[in-house]
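Since the structure comes first, as structure tokens, the remarks are kept for the end.
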There are 2 protein chains.
Amino acid sequence: MTEAAKPYHHGDLRAALLDAAEAELGARGVEAFSLRQVARRAGVSSAAPAHHFGDVGGVLTALATEGFRRFLAAQTLRQQGAGEDARAQLIALGLGYVDFALANPALFRLMFGSNRAAYHDPALYAVSEEAFRRLAEGVQAVRPEAGMVDVAAVWSATHGLADLLAAGRLQMLGGMARAERDRAVAEIVGRSLR
Amino acid sequence: MTEAAKPYHHGDLRAALLDAAEAELGARGVEAFSLRQVARRAGVSSAAPAHHFGDVGGVLTALATEGFRRFLAAQTLRQQGAGEDARAQLIALGLGYVDFALANPALFRLMFGSNRAAYHDPALYAVSEEAFRRLAEGVQAVRPEAGMVDVAAVWSATHGLADLLAAGRLQMLGGMARAERDRAVAEIVGRSLR
DNA sequence: CGGATATCTTATCGCTGTCAAGATTTAATT
DNA sequence: AATTAAATCTTGACAGCGATAAGATATCCG
């Protein structure tokens, strides 16, 4: 096909719907997310998404899954630019955690602060478990004798920071220049390790 | 009036609607909260809430405001049962923070993890600012030279802990007996202070 | 080529939040 | 005490939502 005005079949509607859903999420937030609006954004009828995602929960679950992939990628990116020692790697993971929350606040909120994504979905469960595993292993690498409380401490500090920043509280940190904020995040995550 | 079956005027509908709203919030969560359902719970027409709260946002804002009052009360309760020194007081504040989140997960999520409550509302703004002020002053009392980063560290660790526990992640801590969990929370909050 | 299948639309349902208009009760004023 | 004003609640309507069944159109595969 060359470039027909409106082919009956979209070609890759699933991907287009996910893009539209992310735009909708960013524009309206998790609370006011509308599936019909997503369909409208993609230039398709309101019933079209059902064939690819089932219901609105399916769309949000797929979006959250994609979100976790990028979440992990943001952590990897920071870790690649960090020193090799375990502590620097764990702090880099925390910086990536916060990076993602600041860059995608609505997506972050969908992933961590709502019941709208179905975590019993195998793909979402797998990728969220991987995120936890990476953090836990990062803690173990720094302190081999570390236990549950140590993992909880690092996760809590990092997640709390990310959540408060994504919500727009903690303006004292959110308004900082990146380098300065990075130092503060590193300091806070570092403290949680004792 | 003795006990007429259905008086046209309720008497204290505002309070009854808030109770119904809290029940609805607990039952369905922030995501599926329905104003009509709240009215049904209170035995009143769907348009009745408008006269007391304006729209659904007004109900949720009032509910969040009441939530912050109880949030502060939970912290006060812990602080009354704690030692007098500044550090014990701050850790008690953190324990109250977590207590509230575990006892009222849906309300906690409304207050901290959603845009549905209007924080420009004077009453809600005032009570949420008081909560922040108490935490910041608690940090200052422990370390008079403390700065923004110290406040952010304590808030992040405490809030992250509460948020993850309310969301059902961190089952490792959530499944503990209260005394054991308290020790872990105290340890984690304590770490954020240095 | 032709039937099976995947993809998308149209039309409809019950539910939601909001609003205007009317009914009923309480409060204020004289 | 009588009348008026104000507050409270109901009824009825509207548009938008998610979901689903039935039909239209395109692709796949023998």
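Every chain is numbered from 1, with letters handed out A, B, ... down the list of sequences. No hydrogens, no waters, no symmetry mates; every other heavy atom, side chains included, goes into these values.
Note: CD (Glu31(A)) to P (dG16(D)) measures 21 Å, nearest angstrom. Rounded to an integer number of Å, the gap from CG of Asp55(A) to P of dA19(D) is 5 Å. Rounded to whole Å, the distance from CG on Leu17(B) to C1' on dT8(D) is 12 Å. Between the C1' atom of dT18(C) and the CZ atom of Phe53(B) lies a distance of 16 Å, rounded to the nearest Å.
Dashed line: the shortest gap from a side-chain N or O of His52(B) to OP1 or OP2 of dC9(D) is under 4.0 Å. Using a 4.0 Å cut-off, no side-chain N or O of His51(A) falls inside it from OP1 or OP2 of dT9(C).
In this structure, Arg69(B) pairs ionically with Glu66(B), as a charged nitrogen and a carboxylate oxygen lie closer than 4.0 Å. Between Glu137(A) and Arg133(A) a salt bridge is recorded (basic side-chain N to carboxylate O distance below 4.0 Å).
Residues from residues 58-67 of chain A that place a heavy atom under 4.0 Å from any atom of DNA chain C: there are none.
Counting only N and O atoms by type, the side chains of Arg40(B) and Gln37(B) include a donor and acceptor under 3.5 Å apart.
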Exercise. Could you write nucleotides 11-16 of chain C as a row of B, S and -, 5' to 3', where a protein heavy atom under 4.0 Å of any base atom gives B, of only sugar-phosphate atoms gives S, and otherwise -?
Worked result: -----B
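The closest donor-acceptor contact from the side chain of Thr61(B) to the backbone of Ala118(B) lies under 3.5 Å.
Remark: aromatic rings of Phe100(A) and Phe112(A) are distant, center separation not under 6.0 Å.
Tracing side-chain contacts under 4.5 Å through hydrophobic residues (I, L, V, M, F, W, Y), one reaches Leu193(B) starting from Ile188(A); they form part of the same cluster.
Note on residues 15-34 of chain A: pairs passing salt bridge (Lys or Arg N to Asp or Glu O under 4.0 Å), not counting sequence neighbours, are Glu22(A)-Arg70(A), Glu24(A)-Arg28(A), Glu24(A)-Arg41(A).
The cationic atom of Arg169(A) (NZ for Lys, CZ for Arg) lies less than 6.0 Å from the six-membered ring centre of Tyr119(B) and within 45° of the ring axis.
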